[in-house]
Q: 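Here it is, the structure, as structure tokens.
Numbering of ligands and ligand atoms starts at 1, following listing order.
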Amino acid sequence: MIIPYGKQHIDRNDIDIVIKSLKSTLLTQGNKVEIFEKIIGNYVGCNFTLAVNSASSALQIACMALNIKKGDIVWTSPITFAASANCAINQGAIIDFVDINNKTNNIDSEILEQKLKKSKKINKIPKLIITVHLSGQPTEQEKIWKLAKKYNFKVIEDASHSLGAKRHNEKVGSCKWSDISVFSFHPVKMITTIEGGMALTNNIKLYNKMNLYRNNGITKNYKFFKNKFDYSWYYEMQEHGYNFRMNEIQSALGISQFKKLNKFLFKRNNIAKYYNEQFKLIKDLETPTVLKENFSSFHLYILRLKFVNTLKKKSEIMKFLKSKHIYLNVHYIPLHLHHYFKKKGFRKGYLPNAEKYYLEALSLPIFFDLQNNEKRKVVSSIKSILKNG
Ligand SMILES: *Cc1c(COP(=O)(O)O)cnc(C)c1O
């Protein structure tokens, strides 16, 4: 049996609810989307929520609502999925990166502050910063928000990994320290709607805009009409937009999956605890640091192999583990080292912390159905690498 780094947990209730919703009259634009949106909004404590067909789409409408356009400067973490940058690139923005903190693997607020100071001198303050709560560990979002007020930039939280994560006992995604936050419901994430995502905000203007962009720029609400026609068929295209809607089946699955979120969080934290205990005393390994004011959702368990100093070495280790049917992954290749960004002039050496992280980081299996014997096998296989050099 193959042990992957992550996978979904679908139970009988999920299957029943999907079949039931397939038999209902409305497969799109019924009430299940709204119910799902309310559930997530209530849970994280955010006023306005928009379910969409992926987190990438959520990031896209977020950038559109914040009016990111050609030539605007947008900063994000180099250690993230491509979508955190693509959303701004699609709008014509110029991307730059803020190096990560060596303990949390998130954007380092000190490095950010230094970079802002320098950028102010040359009049290159970003219009937007997209933070990423990597693996489910919240960033120091309140510090970044303070800088946002001081230097006047917008903030999106890419909380794709972090449904259920907390900082100072407050749930990630509440937008207390950001303009917009985003969740992903891809199968490997905390809960799944197969593909799916959500954009959240406390700002009704941003909400109304994102609502338009999600639905081809169209409103059916008379209240918002520029031309006050009350024809029964009338709707108004006010902006250009996309079809980013989530459907009824996905929302039904999301509602059902959400009921298991606490169970998922508990299990993931338990697996993390087990790995921590097994690895924490081993000199060449560094277990994840969760700041004391944080609760991690542990979407990923990222172990740092301190002895790995080449990608070739890492590749050999992963091949060896694969031969034992343990299929691991690396989250992520630093964005600035991708071909696309190299073409833009980014070079190795630009972000030393992220580049060191890339050599060392390995995502171990962590998901609800991971069995005890599988956990033990992962641990013994990793330990055997250390023994054999
Ligand atoms: C998964 C992920 C996304 C994209 O999510 P989709 O729902 O697959 O579009 C964006 N950002 C991060 C950090 C992710 O992990």
Side-chain angles (χ1 to χ4, degrees), residues 4-8 33 36-37 40 49-64 74-91 95 97-98 100 104-107 128-139 141 144 155-165 172-173 178 180-200 210 213-214 242-247 250-251 253-254 257-258 264 268 296-302 329-336 338 354 357-358 361 363 366-367:
Y5 82 88
K7 79 170 173 209
Q8 71 277 11
V33 174
F36 183 47
E37 288 173 340
I40 301 293
T49 48
L50 287 137
V52 284
N53 58 3
S54 72
S56 303
S57 300
L59 287 164
Q60 190 62 50
I61 56 174
C63 282
M64 291 169 82
V74 175
W75 294 357
T76 188
S77 171
I79 302 299
T80 185
F81 182 59
S84 314
N86 268 328
C87 53
I89 295 167
N90 293 340
Q91 297 295 107
I95 299 285
F97 304 98
V98 183
I100 60 167
T104 64
N105 307 325
N106 287 328
I107 284 183
L128 165 70
I129 294 188
I130 302 172
T131 62
V132 182
H133 310 289
L134 191 78
S135 79
Q137 153 129 274
T139 54
Q141 199 65 32
I144 293 171
V155 180
I156 297 174
E157 293 173 75
D158 184 343
S160 290
H161 299 179
S162 311
L163 186 63
V172 163
S178 66
I180 298 170
S181 65
V182 163
F183 290 120
S184 172
F185 308 122
H186 177 280
V188 295
K189 305 288 163 72
M190 297 306 297
I191 62 170
T192 189
T193 60
I194 309 179
E195 296 277 7
M198 199 170 277
L200 302 88
M210 291 195 285
Y213 299 135
R214 161 175 81 165
Y242 299 92
N243 175 4
F244 284 161
R245 294 189 309 264
M246 179 179 274
N247 66 46
Q250 289 172 297
S251 303
L253 179 57
Q257 281 267 302
F258 176 78
F264 291 169
R268 283 174 178 277
S296 176
S297 55
F298 273 108
H299 160 57
L300 300 170
Y301 184 94
I302 300 169
N329 220 321
V330 177
H331 297 93
Y332 295 89
I333 303 164
L335 284 183
H336 71 292
H338 276 287
Y357 166 92
Y358 179 40
S363 299
I366 189 162
F367 52 90

Q: Nearest to atom 11 (N) of ligand 1, what protein heavy atom do you find, and at what distance?
A: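 Here the nearest protein heavy atom works out to Asp158 OD2, 2.7 Å.
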
Q: With sequence neighbours excluded, tell me which residues meet side-chain contact (heavy atoms from CB on, under 4.5 Å) with Tyr5.
A: Val188, Leu300, Asn329, His331

Q: What is the distance from atom CE of Met64 to atom CG of Leu59, rounded to the nearest 0.5 Å?
A: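 One finds 13.0 Å between CE of Met64 and CG of Leu59.
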
Q: Could you tell me if His186 and Glu195 have a donor-acceptor pair between their side chains, going purely by distance under 3.5 Å?
A: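 His186 and Glu195 do not have a side-chain donor-acceptor pair below 3.5 Å.
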
Q: Who's closest to atom 1 (C) of ligand 1 heavy-atom-wise, of His299, Lys189, His133, Gln60?
A: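 Closest candidate by heavy-atom distance is Lys189.
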
Q: For the aromatic rings, using the six-membered ring if either is Trp, is the centroid distance between Phe367 and Phe298 under 6.0 Å?
A: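 No, ring centres 6.0 Å or more apart.
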
Q: Applying side-chain hydrogen bond (donor to acceptor under 3.5 Å, both in side chains), name anything that partners Gln257, two or more places apart in sequence or on another chain.
A: Asp14

Q: Which ligand 1 atoms are under 4.0 Å away from a heavy-atom of Ser54?
A: 7 (O), 9 (O)

Q: Closest heavy-atom contact between Ser178 and Gln141?
A: CB-NE2, 4.2 Å

Q: For ligand 1, is there an N or O atom under 3.5 Å from any N or O atom of Ser56?
A: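 Min N/O separation from ligand 1 is below 3.5 Å for Ser56.
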
Q: Does any N or O in the side chain of Ser77 come within less than 3.5 Å of the main-chain N or O of Asn106, such that one atom is a donor and the other an acceptor?
A: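 No; judged by distance alone, with no hydrogens or angles, the pair does not exist.
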
Q: Who's the nearest protein heavy-atom neighbour of atom 15 (O) of ligand 1, and how far?
A: His161 NE2, 2.6 Å

Q: Does His161 offer a backbone N or O that forms a donor-acceptor pair with the side chain of Ser297 under 3.5 Å?
A: yes

Q: Which atoms of ligand 1 have any heavy atom of Gly196 under 4.0 Å away?
A: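 It comes down to these atoms of ligand 1: 7 (O).
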
Q: Check whether any N or O atom of Phe185, backbone or side chain, sits under 3.5 Å from an N or O atom of ligand 1, and answer yes or no.
A: no

Q: Below 4.0 angstrom from a heavy atom of Ser184, which ligand 1 atoms are there? Numbered from 1 as shown, please.
A: 1 (C), 5 (O), 6 (P), 7 (O)

Q: Where's the contact between Tyr332 and ligand 1, heavy-atom distance under 4.0 Å: side chain, backbone, both or neither?
A: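 It is the side chain that gets close, since no backbone atom is under 4.0 Å.
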
Q: Which bit of Ser160 is near ligand 1, meaning a heavy atom under 4.0 Å away: side chain, backbone, both or neither?
A: side chain

Q: Please check whether Thr80 reaches ligand 1 - meaning an N/O of the residue sits under 3.5 Å from an N/O of the ligand, judged on distance alone.
A: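 Such a contact does not occur with ligand 1.
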
